[in-house]
2 protein chains.
Amino acid sequence: MSKRDQPTHLDEFDRKILAILQRDNMTPQRTIGDAVNLSAPAVQRRIKRMREEGVIRADVSVVEPEALGQSITIFVEVEVISETAEQIERAKSEFAAAAEIQQCYYVTGEADFILVVIVPSMAHYEALTRRLFFGNNNVKRFRTFVAMDRVKVGLGVPVG
Amino acid sequence: MSKRDQPTHLDEFDRKILAILQRDNMTPQRTIGDAVNLSAPAVQRRIKRMREEGVIRADVSVVEPEALGQSITIFVEVEVISETAEQIERAKSEFAAAAEIQQCYYVTGEADFILVVIVPSMAHYEALTRRLFFGNNNVKRFRTFVAMDRVKVGLGVPVG
DNA sequence: TGCTCCGATGAAACAAACTTGCAAATAAAC
DNA sequence: GTTTATTTGCAAGTTTGTTTCATCGGAGCA
């Protein structure tokens, strides 16, 4: 089912293609081909393969939050009380389901979850904390960090 | 040249288009048009306008880090000593320039910066801390959170 | 009401990009 | 050295993106 089990082997061509696509996935295959010394069909076939393998997980437009009135970015460290597998799974799906939570990671260290939250106002954030944290009796405590500047934002992965 | 100064006004059509593009920007304009009840050219013009306005900031492929051997995601809270404008700017550009730092935010609260780091191994992370934190005498302390599960990852913004 | 102006729209023509079929080149295994 | 499997490039065919242009509809105004 998941092709990620077998250690996917990417050659230099694949990596160069990925580097380009991570910057701009609307680049014509012809242009990519010129950049990596390959024909357009060859590039196309490699991209298709990497999509099927799950190397390329998605192709998306990156939208400026402020343009949509979602001007506040907040980090939240969440610490839970009980860390049973069941409780953790429940928390994961709860966080994943919230539209305001852009990113959610289960982490080691002094916190259990780290969330990236995007909201239109602090009032909305306050409502979210009531719903998600105060309304969840497995949340021990949470710490809030409001972003003043989104210095660097992206999902780019170094191609090595 | 930044058009973001004027409060960009997005109508219902724009928002629906953005919702689709944030999920899959390879969706044909025709398909989008059918979904929002607009012709393909109308969709095309709106997308072009939103790109020019900066509402759509980029179009990218999302790559699975593990496929590139970058299997470790780490959050770092950085606290600095001196928070003068000059020092902060210096830190910002330093963090932004590091390829391993996928995301960087300047925040309020108990920390000053929050970083999302992607590395192939803990050894690489250790080297990065030496270079970026121990090698910077304005860094008071930093706290590390290693991601065990990337529960939800993306840059999607709620369309309201 | 009737008029003009302005911006956005859809149909069609056009251009560009993607996709497929196929023969040739490459490389690895035998 | 032959064979096999894979990957490539070219060219044709198909889909998608883009431009043109006539029209529609609303805002402002006499």
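So that the names make sense, note that chain A is the first sequence line, chain B the second, and so on, each numbered from 1. Treat the numbers as computed from the prediction; the structure is a model and nothing was measured.
Atom NE2 of A/H9 is separated from atom P of C/dA27 by 14 Å (rounded to the nearest Å). Following rounding to the nearest Å, A/D14 (CG) and D/dT8 (C1') show an atom-to-atom distance of 14 Å. Atom CZ of A/R49 is separated from atom P of D/dT6 by 13 Å (rounded to the nearest Å). When the P atom of C/dA8 is taken as reference, atom CG of B/N37 falls 19 Å away, rounded to whole Å. Rounded to a whole Å, the CE atom of B/M26 is 13 Å from the C1' atom of D/dT15. In this structure, B/M50 places its CE atom 14 Å from C1' of C/dA8, rounding to the nearest Å. Remark: P of C/dA17 and CG of A/D24 are 13 Å apart, rounded to the nearest angstrom. In this structure, A/K48 atom NZ and D/dT15 atom C1' are separated by 15 Å, rounded to whole Å.
Under 4.0 angstrom from either OP1 or OP2 of C/dA17 there lies no side-chain N or O belonging to A/R30. One finds a side-chain N or O of A/Q29 lying less than 4.0 angstrom from the OP1 or OP2 phosphate oxygen of C/dT19. Of the side-chain N and O atoms in A/Q44, none sit less than 4.0 angstrom from OP1 or OP2 of C/dA17. Remark: A/R45 is not in phosphate contact with C/dC18, judged by side-chain N or O atoms under 4.0 Å from OP1 or OP2.
Note on ring orientation: taking the six-membered ring where Trp is involved, the planes of A/F133 and A/F142 are tilted (angle from 30° to 60°).
More than 12 heavy-atom neighbours from other residues, nucleotides or ligands sit within 6.0 angstrom of CZ on A/R15.
In this structure, the nucleotide among C/dA17, D/dT8, C/dA8 sitting nearest to the side chain of A/R46 is D/dT8.
Between B/E83 and B/Y106, the side chains place a donor N or O and an acceptor N or O closer than 3.5 Å (distance only, hydrogens not considered).
The pair A/R46-A/D11 counts as a salt bridge, with a side-chain nitrogen and a carboxylate oxygen less than 4.0 angstrom apart. A salt bridge does not link B/R57 to A/E66: none of the charged nitrogens lies less than 4.0 Å from a carboxylate oxygen.
Where B/L38 and A/A40 meet DNA chain C, the nucleotide closest to each residue was compared, and B/L38 sits on the side nearer the 5' end.
Among the heavy atoms of the strands lying under 4.0 Å from A/P41 is at least one base atom, whether or not backbone atoms are also near.
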